[in-house]
Each structure stands twice: as structure tokens, then as C-alpha cells.
Asks: 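This structure is in C-alpha cells; I'll ask about it shortly.
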Amino acid sequence: MKKAATKSINPCDIRAVANFYAAQLQLCCPHSPTSYPHARRVHAHMTTSGFKPRGHILNRLIDVYCKSSHLVLAHQLFDKIPQPDIVARTTMLAAYSASRKPDMALEIFNTTPLRIRDTVFYNAMITTHCHNDDGHAAIELFRGMRREGFPPDNFTFTSVLSASALVADRETHCQQLHCAVVKSGTGLVTSVVNALLSVYVKCASSPLVSSSSLMGVARKLFDEMPVRDELTWTTIITGYVRNGDLDTARQVFEGMEEKLVFAWNAMISGYVHNGFVSEALEMFRRMNLLGIKLDEFTYTSILSACASAGLFLFGKQVHAYILRMEDKLSWDFSLSVDNALITLYWKCGKVDEARMIFNNMPVRDLVSWNAILSMYVSAGRMNEARSFFIEMPERNLLTWTVIISGMAQNGLGEEGLKLFNQMKLEGLKPCDYAFAGAISSCAVLAALEHGRQLHAQLVRLGFDSSLSAGNALITMYARCGVVEAAHCLFLTMPFMDSVSWNAMIAALGQHGHGAQALELFEQMLEEEILPDRITFLTILSACSHAGLVNRGRSYFDAMYRLYGIRPDEDHYARLIDLLCRAGKFSEAEDVIQRLPFEPGVQIWEALLGGCRIHGNVDLGVQSAERLLELRPQHDGTYILLSNMYADVGRWDDMAKVRKLMRDRGVKKEPGCSWVEVENKVHVFLVDDTAHPEVQAVYNYLEELGIKMRELGYVPDNKYALHDVGSDKKQHGLSTHSEKLAVVFGLLKLPRGATVRVFKNLRICGDCHNAFKFMSKVVERDIVVRDGKRFHHFRNGECSCGNYW
DNA sequence: GTAGGGTTAG
């Protein structure tokens with residue numbers, strides 16, 4: 001039947017029919033929603049009428065199918081062509097490139113004979129490599145096409161220049177390509193110079209080169225351009241913005257005769273990213289006054305400005321304005337703006353509102369999901385974060401990074417490391433941020449060997465200059481007890497920020513090197529690194545650990561006066577801790593009286609801790625009572641209070657506290673200590689009998705005890721008595737977990753190696769005393785990290801100076 | 001038939 005139909009059309013008519021079909025397909029605009037159904041109808045008509053499309057009609061049909069995302073259909077058609085021409089091949093290849101299927105594009109490329117290839121075809125393949133972030137492949141292909149004698153054109157140069165921006169040695173490639181551009185005669189084509197500008201600008205913002213000279217090259221190109229388009233302006237403006245030179249960016253911007261929305265957006269986002277929120281808002285107001293039509297980029301940038309500056313009310317006004325004109329906006333618009341709105345709400349602490357926006361979004365993308373995940377993580381709502389993560393329809397590197405570092409931040413190191421491994425199993429290559437999350441997990445677990453291995457991997461992968469990983473490593477080494485390694489790393493880091501300084505100051509403070517910590521802080525100020533609220537938390541702790549009361553007090557005063565940072569509850573708590581440890585109770589009470597807020601858990605904990613050290617029972621009882629009201633289920637308060645009564649022999653009161661604890665069903669967190677030996681973590685509990693080699697430990701402990709007593713060690717049974725729930729106390733036989741772990745380390749670790757032990761709770765007084773003697777007897781360093789700080793025992797002394 | 005900039009998630 002079909003044959004009959006074909007036969008009935010004579011050659012003249014076939015040409016007329018072909019023209020008809022071509023005209024019909026011409027009606028299909030590339031991205032209109034009606035183009036695909038129309039093309040299908042035309043296609044069906046051809047099939048039923050027996051017309052066999054060839055040449056440009058076929059190519060056009062393939063093109064429409066590709067552009068309307070019907071790649072399978074397009075490819076079926078393509079496969080039916082006996083010898084597809086270069087136009088059909090380029091169309092198919094570019095379609096695969098645009099839909100991020102580089103393997104399919106490469107297959108078409110490789111099966112296309114050299115003799116029919118042309119420059120356009122190579123250009124399309126170079127672009128495919130760019131979209132696949134494979135700069136080297138793109139550059140290699142560019143070289144190949146020149147070897148084969150295909151002349152590069154302006155399209156070739158724009159693509160290969162953007163490829164060179166992707167590679168590490170981009171500056172070299174860029175300069176070579178610049179020469180090739182000049183030789184090819186495309187050196188005055190606007191699009192080519194734009195691409196050149198773009199690479200120079202990117203090279204300049206790389207931290208490894210001196211930016212000023214490269215921005216100079218870019219500026220010269222810009223000044224000498226015969227024709228500039230809007231892209232030119234945006235590129236040069238963002239160039240200055242990325243290099244932090246907002247004044248020059250502004251000058252260039254003001255020099256534009258007709259300021260297009262692109263350029264406004266570049267300025268606004270530049271101000272936002274560099275922290276100049278009021279300038280960004282000023283730009284926004286000016287745009288409104290001039291009646292410039294705002295687009296989704298303007299709104300997202302301005303919402304992000306509000307989010308980072310905490311300008312909730314202004315942001316809400318923008319939100320209301322957007323809602324009023326919502327019906328005029330497209331879906332795509334609403335997606336990115338909704339994402340920015342989520343960020344606005346959660347950064348301003350409105351977690352549930354942010355979740356509502358997410359729930360009501362008609363379309364969501366990964367950015368939306370990742371934003372909510374980050375929100376739960378930073379709010380410490382890890383159960384919600386965990387289930388949200390599982391629910392996610394897709395994940396990318398960022399998703400994994402957020403959840404891994406979130407686990408670490410919330411003390412869930414084991415889960416963090418598990419997720420890091422799972423991520424690798426799923427075939428994702430961790431970036432430096434993901435490594436930072438895994439390293440922080442090691443810091444939480446005090447898993448030194450594991451952390452060292454991650455450090456080694458990091459160096460092998462070339463991430464050793466990474467800021468985030470470096471900062472995480474400082475903290476990891478410090479928290480694993482190797483403060484020297486942390487310091488060494490800090491001194492050799494190629495780039496640093498305030499986080500790096502904070503981490504190192506905190507490391508020195510935790511290890512009892514208070515004076516050094518303060519020295520480093522002064523150096524930080526000299527280098528004009530602005531301290532933040534975390535910096536002050538760490539120096540107040542450092543002062544507290546080292547007993548530097550006066551300096552701590554004066555830093556506290558300087559915080560707001562000199563740096564405009566209002567002290568929060570945690571700053572006040574550290575101040576009170578500092579004062580109480582030094583026995584200055586009336587001053588501490590005075591501070592509490594004049595607090596600008598209701599004292600919370602942290603304040604009373606600090607006070608109680610100080611009272612315990614100095615045996616100030618009355619004040620201690622008062623603060624414990626407040627704590628028991630605020631947090632009745634927390635075990636720590638009961639333990640501290642009962643220990644305090646025991647210290648002064650008030651056994652009845654002690655018994656009452658224990659009864660109260662039992663009545664309320666509060667369980668004491670069992671004390672445990674652990675030590676890493678040959679990459680394996682050995683955990684000990686009080687009076688441990690479970691560890692397979694525990695008998696050897698008890699034997700060696702006895703042996704050491706004899707030598708220690710010869711040097712003057714007197715066991716203090718008072719502390720053993722305090723162990724709630726331990727029935728061996730009357731005999732004074734109880735052996736704390738930290739003693740077992742230290743002795744196991746002494747037995748198992750190589751001769752002379754430092755023993756590093758970690759304990760979940762605070763170290764006990766008798767153990768502290770015992771380790772001093774032990775370090776002298778065995779002539780080895782012993783490091784113990786307890787819940788609060790580090791103790792370095794060496795030659796009979798502890799780094800804390802008994803001040804803890 | 002092929003190219004290039006600005007946004008939102010760490």
C-alpha cells in the first residue's frame with residue numbers, strides 16, 4: 001500500500017511535497033511546547049504518505065526532536081540513515097552534549113570518518129568536553145584538529161579558551177591560545193576576546209598567582225576592544241569583583257552607558273559575597289528607582305544579602321513583593337527564588353517556615369534539597385537531617401559533604417566516617433570539603449591513625465593546599481593529642497583564614513599552653529585578621545585553662561568595645577568559669593547578677609564546676625538546684641553534686657542526691673577510656689574484665705604501683721568512693737578506665753612512644769596524680785584527653801599545672 | 001549543525 005502511494009507521486013511532485021514538509025518543520029520553533037507535537041504530526045504524515053525524508057528535512061526533524069528532549073526518538077531516526085551527513089552527526093552530537101551524555105557524543109565522534117569531518121563538528125566535540133569539565137580532553141582535541149588541518153574559527157577559540165579555564169595550568173594554556181587567536185585573525189572578534197578576558201580573570205582570582213598583573217592584561221584587552229557587548233562588561237566587572245576589587249568594579253560599572261540587568265546583578269552579588277550588604281541594598285534600591293526590570297538573579301542575590309546579614313524584615317518585604325507579582329513569573333524563576341527564600345528563612349532561624357516553603361514548591365531541585373539538609377544540620381536536628389537525607393531523590397558531592405561534616409559537628413564521628421565510606425562506595429570522588437568532614441569525624445573519635453591516613457590521601461590527591469581540609473587537620477591533630485603536628489601544619493599552610501587561627505589558638509589552649517595561645521592571638525591581630533565570636537571563645541577558654549584571670553577579663557571587655565562583638569551566653573559562661581576557677585566567686589556572682597539575659601545551663605554549669613574545685617558547697621548547691629530545674633534528666637549535675645558532698649564528708653546529702661537520681665530514672669553515663677594501638681581502638685570500662693588482655697594490664701599496674709609508691713605516690717581512695725553504682729568502693733579496689741587504658745598503652749605501644757588516651761568524662765583526681773608518677777617511673781610521655789581538655793604528663797609533672 | 005557572563009546549597 002505504501003509502495004503504491006510512493007509510486008503515485010511523480011518526481012516533480014516529490015520536490016513540491018518536500019518543500020511542503022520543510023516549510024511545515026520550519027514552523028517548529030526550537031523551544032516552543034507545540035514544536036514537538038507538530039513535528040510528530042508532520043513525521044507521521046510523511047510515514048503514511050510514503051514520503052522518505054532525506055537530507056535537510058531529516059536533519060531538521062532530528063533537530064526538533066533533540067531540542068524538545070526526545071533524544072531516543074532522534075537517535076532512532078538517526079540510526080535509520082544509511083550514511084548520515086556531517087550536519088546530522090553534529091546535531092546528534094550536540095544534543096548529547098547538551099543533555100550531559102558525553103559517552104554518547106564521543107561514540108558519534110569516533111564513528112565519524114575523518115574525510116567528512118569539519119571545523120563545526122570539532123567545535124561541538126570540544127564543547128562536549130567542556131560541559132564534562134574535562135579541560136585537558138578539550139585542549140587535546142583542539143591540538144588534534146589542527147594537526148589534521150582543520151582551521152579553528154571564533155567558535156573553536158571561545159570553546160577551547162573556556163576549556164583552559166578548567167585546568168590547573170590554565171595560565172600557560174591561556175597565553176598560548178592568546179597567541180593562536182592573534183595569528184588566526186580572530187583577535188578582534190568580540191566573543192573571542194570575551195572568552196580570553198574570562199580566562200585571564202579566572203587566572204587572576206586563583207590564589208596561586210599574582211592577580212594584579214593578570215587583571216592588568218585583562219584590562220588592556222578590554223580597553224582595546226573595538227566592540228563590547230553586555231557579556232564583555234559583565235566579565236570584566238565580575239573579574240574585579242572576584243578579586244575583591246569592588247571599587248574598580250564599580251568604576252567600570254558606572255562607565256557603562258546603558259547598564260543592563262546583567263551588570264547590576266554582577267555588582268549586587270559581588271557586594272553580597274564580599275560582605276558589603278548595605279552597598280548591595282543601595283544598588284537594589286537604585287535599580288527600583290530607575291525602573292529597571294529585576295530578574296531572578298537580582299532577587300536571589302538580594303535575598304541572599306538579607307539572609308547573610310540577618311535582615312529578616314527586609315527579606316520578608318522582598319518576599320511579599322515577589323508573591324504579589326507571582327502570576328507574571330515563570331516556573332524557572334520561582335525555583336531559584338524559592339531556593340533563596342529557603343535560605344533567608346533558615347538563616348534567620350525560621351526552620352519550620354523554611355520547610356513550609358520547601359513543601360509548597362511546585363518544582364524542586366538539588367539546591368532546594370541541599371538547602372533544607374544544611375538547615376537541619378546547622379540547627380543540630382540530626383534525626384530530621386538523617387531521615388531527610390535518606391528521602392532525597394538524588395544527591396551530589398555537596399549533599400554528602402553537608403551530611404558528613406554535620407555528623408562530625410554534632411559529635412557523631414562514627415556515622416560521619418561511615419557515610420564518607422558509603423559515598424566512596426557509590427563511586428563519588430570526595431572533594432576537599434568532604435575530606436574535611438571525615439577528618440573532623442576522626443577528631444571527634446580521637447582516631448589519630450585514621451586521621452593520618454586521610455591526611456596522606458589528601459596529599460596524594462593534591463588537596464594539600466586546601467583551606468577547609470587544613471583547618472580540619474589542625475583540629476584533628478590537636479584533639480588527638482598531637483599539638484605539635486597541628487602547629488607544624490598551621491605554620492606551613494599556604495592559605496589561612498580566621499578559622500585556621502581560631503583552630504590553632506584553641507589547640508594551644510586545650511593543651512594548657514595558655515601563654516602561647518594568647519601570643520598567637522596577638523599575632524593574629526598584628527596580621528590584621530579580624531577576630532570573631534569563636535576567637536573570643538577560644539581565648540577565654542585558654543585563659544581559663546591557664547589561670548590567666550586578668551588577661552581573660554580584659555579580653556572579655558575588649559570584645560565589644562574594640563571589635564563590636566556582643567558576648568553571648570557561651571562567652572559569659574567562659575568568663576564565669578575563669579573567675580570561679582581562680583576562686584573569685586563574688587565577682588562571678590556579680591557578673592551573673594548583671595547578665596543581659598536569663599542565665600541558662602551554661603552559666604550554672606560553669607559556676608558549679610568552679611564550686612566543686614574550691615569546695616564552695618553553698619554556692620555549688622544553689623547552682624546545682626537551678627541546673628536540676630533546667631535539665632532534670634542530665635546525669636552530670638547529680639554526679640558533680642554528689643561528689644561535692646562526698647568531698648566534704650556530707651554522706652547523707654550525697655545519698656539523697658543519688659536517690660533523687662534513681663527516682664527520676666537518670667542513668668550515669670558510664671565512664672570509658674580508649675587507646676589506639678596498631679590502628680585498632682581498645683576501649684576500657686571501670687574495673688574492666690571484658691578486654692581479652694586485661695589480666696596483663698592489672699599485673700603491670702601492680703608492678704608499677706610498687707615503684708610509684710617508692711617515689712611517694714599515695715593512692716587517694718576518696719575518688720574511688722565517688723563512683724556512683726560501683727560496689728567495690730568500700731574495698732578501695734575500683735580501677736578507673738583511664739588507668740587501664742594508659743597501662744595497656746604502655747604495654748603495647750613501641751618503647752618510648754607517647755601514650756595517648758581519651759576519656760569521655762573528666763579525669764579523676766587520683767588517676768591524674770598517678771599518671772604524674774607513672775610518667776616518671778616509665779620515663780615516657782602520657783597524654784590524656786578528658787571531656788574538657790588535655791593533660792600532658794612528663795617526668796612527674798602535668799601541663800595543666802594541676803589547674804583543671 | 002558549534003561558543004562565551006550573572007543566582008540559590010558547604
Side-chain angles (χ1 to χ4, degrees), chain A residues 56 59-60 62-63 66 85-95 97-98 118-128 130-131 153-163 165 189-199 201-202 229-239 241-242 260-270 272-273 295-305 307 332-333 335-344 346 365-375 377-378 396-406 409 431-434 436-437 468:
Chain A
H56 72 280
N59 292 347
R60 177 71 192 165
I62 292 173
D63 192 32
C66 285
D85 66 9
I86 196 64
V87 176
R89 289 169 193 269
T90 312
T91 308
M92 246 357 272
L93 193 154
S97 169
D118 63 5
T119 295
V120 177
F121 185 67
Y122 273 98
N123 293 347
M125 192 60 217
I126 289 174
T127 307
T128 309
C130 289
H131 286 169
D153 63 6
N154 46 350
F155 282 80
T156 321
F157 282 117
T158 45
S159 304
V160 77
L161 277 165
S162 80
V189 178
T190 307
S191 63
V192 175
V193 190
N194 284 349
L196 261 173
L197 269 180
S198 172
V199 197
V201 153
K202 277 179 188 143
D229 63 11
E230 52 178 286
L231 216 147
T232 319
W233 289 96
T234 327
T235 308
I236 193 83
I237 289 172
T238 49
V241 160
R242 283 201 193 135
L260 293 148
V261 71
F262 264 80
W264 286 95
N265 292 345
M267 281 310 301
I268 291 180
S269 75
V272 174
H273 276 131
D295 69 5
E296 68 203 270
F297 295 101
T298 326
Y299 284 114
T300 44
S301 295
I302 214 69
L303 286 170
S304 142
D332 287 350
F333 184 109
L335 176 62
S336 53
V337 173
D338 279 344
N339 288 341
L341 280 169
I342 290 179
T343 312
L344 170 74
W346 82 257
D365 65 0
L366 245 177
V367 176
S368 337
W369 286 89
N370 284 343
I372 295 287
L373 183 71
S374 310
M375 172 180 86
V377 161
S378 72
N396 64 2
L397 246 173
L398 185 77
T399 320
W400 287 95
T401 311
V402 168
I403 192 82
I404 293 168
S405 51
Q409 274 158 31
C431 62
D432 56 338
Y433 283 103
S468 55

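No experiment lies behind these values; they were computed from the predicted model shown. We name chains A, B, ... by the order of the sequence lines, and we start the count at 1 in each one.
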Asks: According to a cutoff of under 5.5 Å between the ring centres and under 30° between the ring planes, does A/F297 stack with the base of B/dT7?
Replies: no
Asks: Determine whether a donor-acceptor pair (one donor, one acceptor, N or O, separation below 3.5 Å) exists between the side chain of A/N123 and the base of B/dG1.
Replies: no
Asks: Starting the side chain at C-beta, find the nucleotide from B/dG5, B/dT2, B/dT8 nearest to A/K202.
Replies: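 Of B/dG5, B/dT2, B/dT8, B/dG5 is nearest to the side chain of A/K202.
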Asks: Do we see a donor-acceptor contact under 3.5 Å between the side chains of A/T232 and A/D229?
Replies: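 Yes, A/D229 and A/T232 have a side-chain donor paired with an acceptor closer than 3.5 Å.
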Asks: Round to the nearest Å and state the distance from A/M92 atom CE to B/dT2 atom P.
Replies: 13 Å
Asks: Looking at B/dG10, I'd like to know if its phosphate oxygens (OP1 or OP2) sit under 4.0 Å from a side-chain N or O belonging to A/T401.
Replies: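 It does not, given that no N or O in the side chain of A/T401 lies less than 4.0 Å from OP1 or OP2 of B/dG10.
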Asks: From B/dT8, B/dG4, B/dT7, pick the nucleotide closest to the side chain of A/N339?
Replies: B/dT8
Asks: Just verifying a value: how many Å separate A/L344 CG and A/D338 CG, rounded to the nearest 0.5 Å?
Replies: 12.0 Å
Asks: Considering only B/dT7, B/dA3, B/dG6, which nucleotide approaches the side chain of A/R242 most closely?
Replies: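 In terms of side-chain proximity for A/R242, the closest of B/dT7, B/dA3, B/dG6 is B/dG6.
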Asks: Counting heavy atoms from C-beta on, name the nucleotide in B/dG10, B/dT2, B/dT8 closest to the side chain of A/W346.
Replies: B/dG10
Asks: I need the CH2-P distance between A/W233 and B/dG6, as an integer number of Å.
Replies: 18 Å
Asks: For A/D85, report the nucleic acid contact type (base, sugar-phosphate, nothing); a contact means any heavy atom under 4.0 Å.
Replies: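 No contact.
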Asks: Please check this pair: side chain of A/S198 against backbone of A/N194, looking for a donor-acceptor N/O pair closer than 3.5 Å.
Replies: no
Asks: Indicate, yes or no, whether a donor-acceptor pair under 3.5 Å links the base of B/dG4 to the side chain of A/T158.
Replies: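 No.
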Asks: Any sub-3.5 Å donor-acceptor pair from A/S97's side-chain atoms to A/L93's backbone N or O?
Replies: no
Asks: Just to confirm, is there a sub-4.0 Å distance from OP1 or OP2 of B/dT7 to any side-chain nitrogen or oxygen of A/S269?
Replies: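 Result: yes.
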Asks: Give a yes or no answer on whether the side chain of A/D63 reaches the backbone of A/C66 with a donor-acceptor pair at less than 3.5 Å.
Replies: no
Asks: Which of the following nucleotides, B/dG6, B/dT2, B/dT8, is nearest to the side chain of A/S304?
Replies: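 My answer, after comparing the listed nucleotides, is B/dT8.
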Asks: So, is A/H273 close to the B/dT8 phosphate, meaning a side-chain N or O under 4.0 Å from OP1 or OP2?
Replies: yes
Asks: Need one value for A/N154: base, sugar-phosphate or nothing, where a base atom within 4.0 Å counts as base even if backbone is also close, heavy atoms only.
Replies: nothing
Asks: For A/L231 and B/dG5, what is the distance between atoms CG and C1' respectively, to the nearest whole Å?
Replies: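 After rounding, the gap between these two atoms is 4 Å.
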Asks: If you check the A/T238 side chain, which of B/dG4, B/dG6, B/dG10 turns out closest?
Replies: B/dG6
Asks: Could you list the residues that satisfy ring-ring contact (aromatic ring centres under 6.0 Å, His included) with A/W346, not counting sequence neighbours?
Replies: none
Asks: Under the ring-ring contact (aromatic ring centres under 6.0 Å, His included) test, which residues partner A/F121, sequence neighbours left out?
Replies: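 Result, ring-ring contact (aromatic ring centres under 6.0 Å, His included) vs A/F121: A/F109.
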Asks: Within the stacking criterion (centroid distance below 5.5 Å, interplanar angle below 30°), does A/W369 stack on B/dA9?
Replies: no
Asks: Of the options B/dG4, B/dG1, B/dG10, whose atoms approach the side-chain atoms of A/V120 most closely?
Replies: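 Among B/dG4, B/dG1, B/dG10, the one nearest the side chain of A/V120 is B/dG1.
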Asks: The side chain of A/V87 is closest to which nucleotide in this list: B/dG10, B/dG1, B/dG5?
Replies: B/dG1
Asks: Using a 4.0 Å heavy-atom cut-off across all strands, classify A/C66 as base, sugar-phosphate, or nothing.
Replies: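 Nothing: the residue A/C66, judged by heavy atoms under 4.0 Å, touches no strand.
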Asks: Using a 4.0 Å heavy-atom cut-off, does A/D118 contact any base of the nucleic acid, only the sugar-phosphate backbone, or nothing at all?
Replies: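 Here A/D118 touches the bases of the nucleic acid.
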Asks: In this structure, how many angstroms lie between the P atom of B/dG10 and the CG atom of A/L398, rounded?
Replies: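 These atoms are roughly 7 Å apart.
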Asks: Measure CZ/A/F157 against P/B/dT2 and give the value in whole Å, please.
Replies: 20 Å
Asks: In whole angstroms, how far is the C1' atom of B/dT8 from the CD1 atom of A/I268?
Replies: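 Those two atoms, CD1 and C1', are 15 Å apart.
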Asks: Please evaluate the base of B/dG10 for a donor-acceptor partner in the side chain of A/N370 within a cut-off of under 3.5 Å?
Replies: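 Not at all, since no donor on one side and acceptor on the other fall under 3.5 Å apart.
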Asks: State which of B/dT7, B/dA3, B/dG10 makes the closest approach to the side chain of A/S191.
Replies: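 Side chain of A/S191 sits closest to B/dA3.
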Asks: Using a heavy-atom cut-off of under 4.0 Å over every strand shown, decide if A/A94 touches base, sugar-phosphate, or nothing.
Replies: sugar-phosphate
Asks: Expressed in angstrom and rounded to an integer, what is the separation of A/L303 atom CG from B/dA9 atom P?
Replies: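 Atom CG in A/L303 sits about 11 Å away from atom P in B/dA9.
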Asks: Counting heavy atoms from C-beta on, name the nucleotide in B/dT7, B/dA3, B/dG6 closest to the side chain of A/S159.
Replies: B/dA3
Asks: When the distance from CD1 of A/I404 to C1' of B/dA9 is rounded to whole Å, what number comes out?
Replies: 15 Å
